[in-house]
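For ligands, and for the atoms within them, numbers begin at 1 and follow the listed sequence. Everything numeric here is computed off the predicted structure, so don't read it as measured data.
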Amino acid sequence: MHIESGVGLRTYNTFGLPAVAHTLVRIESDADVRGVLDHPTLGPAPKFVLGGGSNIILTRDMPQVVLKVEVKGLRLVEERADAWIVEAGAGESWHDVVMWTLAQGYPGLENLALIPGTVGASPVQNIGAYGVELQDRFESLDAVDLRTGVTSTLNTRQCEFGYRDSVFKQSLAGRVVITRVRLRMPRPWRPVLGYLELERKLAELRLTEPQAQPSAQQITDWVIAIRRAKLPDPARIGNAGSFFKNPVVTPEQCRDIIGRDPEIVHYPMPDGSVKLAAGWMIDACGWKGKTVGQAGVYEKQALVLVNRGEAIGSEVMTLARAIQESVYGRFGIRLETEPVIV
Ligand code: EPU
């Protein structure tokens, strides 16, 4: 086990925020986690689990032992009549896994292409895009308990998935290291196209080929094109994806807001509640393209905060709070942050 000290984390978080980990250990296996737990000084110390750093905002240096998850591996573990089951190490890049499954002929993850981050982080926030959430393609995962060192397998129910939420953000927060995730691609494959922008792409295709059924590869290409058009590439502009969750309100609250702002983008949910587009609300408050210090609101998607160069975590949080206040002032809605604030 290799223990590193005083490690700069700027390149380990997609927002590119500066912070120093006092101690960092790279985790390549379940045994590595147990090695840390058995270590005389690291064992009893507080720990912080770091994946691809695509969903965290670092506001300070980290006195905890940072466990950087680098577990590799990618294979088909089961081929059933109703599904392909693929197992991926938590340290694999999510997008690389999506592209590998498609290339191998196990479609199903195409709507989730180009989401930054690692496989191990995907269940934590139940990543989702264009009508598909991780929970719809999830089979099970392995996680090592940070007190006992015991590896357990958790199924969908045990992960308690919700909208950008799971047990790993709630009762198991900071208590386990996810080491492997198994994904379930249902057979036969069916495209998920309900999302407005995908429907537009389908309509364009059918202008030239009226009977055309899109392939998984076409949907992948569309999703990649849509994301590239409105979301910043973290390799070029630091960001952590959507900075706030889309708030879910009661139909009465929604009617009240529509009464004042008839244009508000909103989606009825299966349980009768209504999801409001936070990006629209932030945009309506005039934030798009604004900057505070080195932290800014992305020009093409107001739900995404970006690093204009040398941002520090406190500037990002000052901007986030100012946005929350103005949205509250105009709509009476408190926006919740989506990434984990450290
Ligand atoms: N909108 C505006 N102005 C803006 C931004 C959005 O008017 O500046 C409007 C759009 O025109 C659209 C609506 O708001 O009518 C929703 O926007 P969009 O389709 O871009 O989706 P979103 O609700 O803002 C969510 C996810 C994204 C995911 C997309 C596509 C959350 C918090 N975000 O964004 O996920 O890619 O849907 O499914 O649920 C992420 O979580 O990091 C993320 C990028």
Exercise for the section: Look up atom 11 (O) of ligand 1 and tell me if a protein heavy atom lies less than 4.0 Å from it? Expected result: no
Practice task
Please report which non-hydrogen protein atom sits nearest to atom 29 (C) of ligand 1, along with the residue it belongs to and the distance in Å to one decimal place.
Solution key: Tyr195 OH, 4.0 Å
Problem - Side chains of Leu276 and Val265 in contact at under 4.5 Å (non-hydrogen atoms) - result: no
Fill in the blank from the handout: Going by the 4.0 angstrom heavy-atom rule, the piece of Gln125 near ligand 1 is neither
Exercise for the section: Look at ligand 1 and say whether Lys275 reaches it with a heavy atom at a distance under 4.0 Å. Expected result: no
Exercise for the section: For atom 39 (O) of ligand 1, grab the closest protein heavy atom and report residue, atom and distance to one decimal in Å. Expected result: Tyr163 OH, 2.6 Å
Exercise for the section: Salt-bridge test for Arg164 and Glu336: reply yes if a basic N is under 4.0 Å from a carboxylate O, no otherwise. Expected result: no
Practice task
For ligand 1, indicate whether the residue Phe244 contacts it via side chain, backbone, both or neither (heavy-atom separation under 4.0 Å).
Solution key: backbone
Practice task
Decide whether an N or O pair under 3.5 Å exists between Lys230 and ligand 1.
Solution key: yes
Exercise for the section: Enter the distance from His266:NE2 to Gln253:CD here, rounded to the nearest 0.5 Å. Expected result: 13.5 Å
Exercise for the section: Could you tell me whether Ser242 approaches ligand 1 through its side chain, its backbone, both or neither, with non-hydrogen atoms closer than 4.0 Å? Expected result: both
Handout entry: Note: Lys288-Asp283 ion pair, threshold 4.0 Å (strictly below)
Key = yes
Exercise for the section: Record the part of Tyr267 in heavy-atom contact with ligand 1 below 4.0 Å; permitted values are side chain, backbone, both and neither. Expected result: side chain
Handout entry: Protein heavy-atom partner closest to atom 24 (O) of ligand 1 - residue, atom, separation in Å
Key = Gln301 NE2, 2.8 Å
Practice task
Please verify whether a non-hydrogen atom of Tyr298 lies at under 4.0 Å from ligand 1.
Solution key: no
Practice task
State plainly whether the residues Lys245 and Glu338 are in salt-bridge range, i.e. N to O under 4.0 Å.
Solution key: no
Practice task
For Gly241, take its heavy atoms, then give the atoms of ligand 1 lying under 4.0 Å from any of them.
Solution key: 42 (O)
Problem - Cationic N near anionic O, under 4.0 Å, Asp142 to Arg182 - result: yes
Handout entry: Protein residue, atom and distance nearest to atom 3 (N) of ligand 1, heavy-atom basis
Key = Asp283 OD2, 2.7 Å
Handout entry: Parallel, tilted or perpendicular, as decided by the 30° and 60° cut-offs, for the rings of Tyr195 and Tyr130
Key = perpendicular
Problem - Closest protein heavy atom to atom 14 (O) of ligand 1, given as residue, atom name and distance to 0.1 Å - result: Ala277 CB, 3.5 Å
Problem - Any donor-acceptor N or O pair under 3.5 Å, side chains Ser166, Asn126 - result: no
Practice task
Using distance alone, decide if ligand 1 has a nitrogen or oxygen within less than 3.5 Å of any nitrogen or oxygen in Lys300.
Solution key: no
Fill in the blank from the handout: The atoms of ligand 1 lying under 4.0 Å from a heavy atom of Ala129, numbered in the order shown, are 36 (O), 38 (O)
Completion exercise
Among non-hydrogen protein atoms, atom 25 (C) of ligand 1 lies closest to Asn246 ND2, 4.2 Å
Practice task
Could you grab the distance from atom CD of Glu310 to atom CD of Glu315, nearest 0.5 Å is fine?
Solution key: 10.0 Å
Problem - Protein heavy atom at shortest distance from atom 26 (C) of ligand 1 - result: Arg164 NH2, 3.4 Å
Exercise for the section: Check the side chains of Thr118 and Trp94 for a donor-acceptor pair under 3.5 angstrom, ignoring hydrogens and angles. Expected result: no
Practice task
Look at atom 7 (O) of ligand 1 and say which protein heavy atom is nearest, naming residue and atom and giving the distance to 0.1 Å.
Solution key: Trp280 CD1, 3.3 Å
Practice task
Ignoring hydrogens and angles, state whether a donor on the side chain of Asp165 or Gln125 is under 3.5 Å from an acceptor on the partner side chain.
Solution key: no
Handout entry: N/O separation below 3.5 Å, Ala302 to ligand 1
Key = yes
Fill in the blank from the handout: CD1 of Ile323 to CZ of Arg321, rounded to nearest 0.5 Å, is 11.5 Å
